Amino acid sequence: MRVLVVEDEECLADMIAAELRRAAIVVDIAHDGRAALAGLRLGGYDVLVLDRELPAPHGDTLRRYVVAEQLPTRVLLLTAAGPDDRAADPAPAADDWLAKPFTPEELLARVVSLGRPARRAEPQVIERAGVTVDTAHGLAARDGRPLALSRTEFGVLEVLLRAQGAVVSGEELIEEVWEEHTRYGGNAVRVTLGALRAKLGDPPVIESLPGGGYRMAEGPGAEGSETEGPGAGGEPEPGARRARV
């Protein structure tokens, strides 16, 4: 799940982002309407957590943009408005409202509830060449052998499996898996793929193609696999991957 948090109070925005990231949700932050609009134009967000009273453009303008562009992004509006004010709200209806102040647990529950419908048409368990990911439970395996993957490794594997043999570029992997705020070197994709291949074991099933593309082979013994390893650079988020929303 990918979330854009738009909140001009930096401490509150950081608190929201930290709570969502603890649940393995990819989060980008914008502190004003202009930066939020730029993020929405890039697309790819499942949920927009939006403070209505923003520096220009106003939060209502962002809601109108989501509707006008027919974005699949669901909107969770953060507001101090009461029920009467909401009924008179001139902007397009939000998918959900959350009154300030709120608890981090309540915010997380609302975001998860909104984000799940955006993914409901996608299969929860994906398999190819003996490799399986269970997106509902954050589990991965090869030929029944469990794999302990970092968040980025799991995300890369999921994207490649969903492509079902189609070529995925390095840029597409970065857009789908890495958080916008994360600083990483140009070899981050290759480093992550090296670590992922090592955990998948032999025979290799991820092919590297000329021009920087990658794909899952139909079966064991992928041709043209590179031999990058985890020592080639810094993985942005190490650690075992066990939960994913």
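Computed from a predicted model, the values in this text were never measured in an experiment. Starting from 1, each residue takes its place in the sequence as its number.
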Between [X] (side chain) and [Y] (backbone), is there a donor-acceptor pair under 3.5 Å?
X    : Y    : value
D51  : V6   : no
Q164 : L161 : yes
E158 : G155 : no
K199 : A148 : yes
R142 : L200 : yes

Legend entry - R74/D96 salt bridge by N-O under 4.0 Å criterion: no
Legend entry - Basic-acidic side-chain contact under 4.0 Å: R52, E7: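 So R52 does not pair with E7 through a salt bridge.
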When rounded to the nearest 0.5 angstrom, what is the spacing between [atom1] in [X] and [atom2] in [Y]?
X    : Y    : atom1 : atom2 : answer
D134 : E127 : CG    : CD    : 13.0 Å
L71  : L48  : CG    : CG    : 9.5 Å
L147 : F154 : CG    : CZ    : 10.0 Å
I25  : L108 : CD1   : CG    : 5.5 Å
I206 : Y214 : CD1   : OH    : 10.0 Å
L20  : L107 : CG    : CG    : 5.5 Å

Legend entry - Heavy-atom closest pair, residues I16 and F102: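 Looking at all heavy atoms of both residues, the closest pair is CD1-CZ, 4.0 Å.
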Legend entry - Pair T192-R197, side-chain donor/acceptor within less than 3.5 Å: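 Per modelled atom types, T192 and R197 side chains form no pair under 3.5 Å.
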Inset, instruction - Could you tell me whether the side chain of L98 reaches within less than 4.5 Å of the side chain of E106, counting heavy atoms only? - result: yes
Legend entry - Any V131 side-chain heavy atom under 4.5 Å of M216 side chain: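 A side-chain contact exists here, since the closest heavy-atom pair is under 4.5 Å.
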Legend entry - Partner set under side-chain contact (heavy atoms from CB on, under 4.5 Å) for D32, not counting sequence neighbours: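 Counting only residues at least two positions away or on another chain, D32 forms a side-chain contact (heavy atoms from CB on, under 4.5 Å) with R34, A35, P55.
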Inset, instruction - Using the test side-chain contact (heavy atoms from CB on, under 4.5 Å), find all partners of A109 that sit at least two apart in sequence or belong to another chain. - result: none
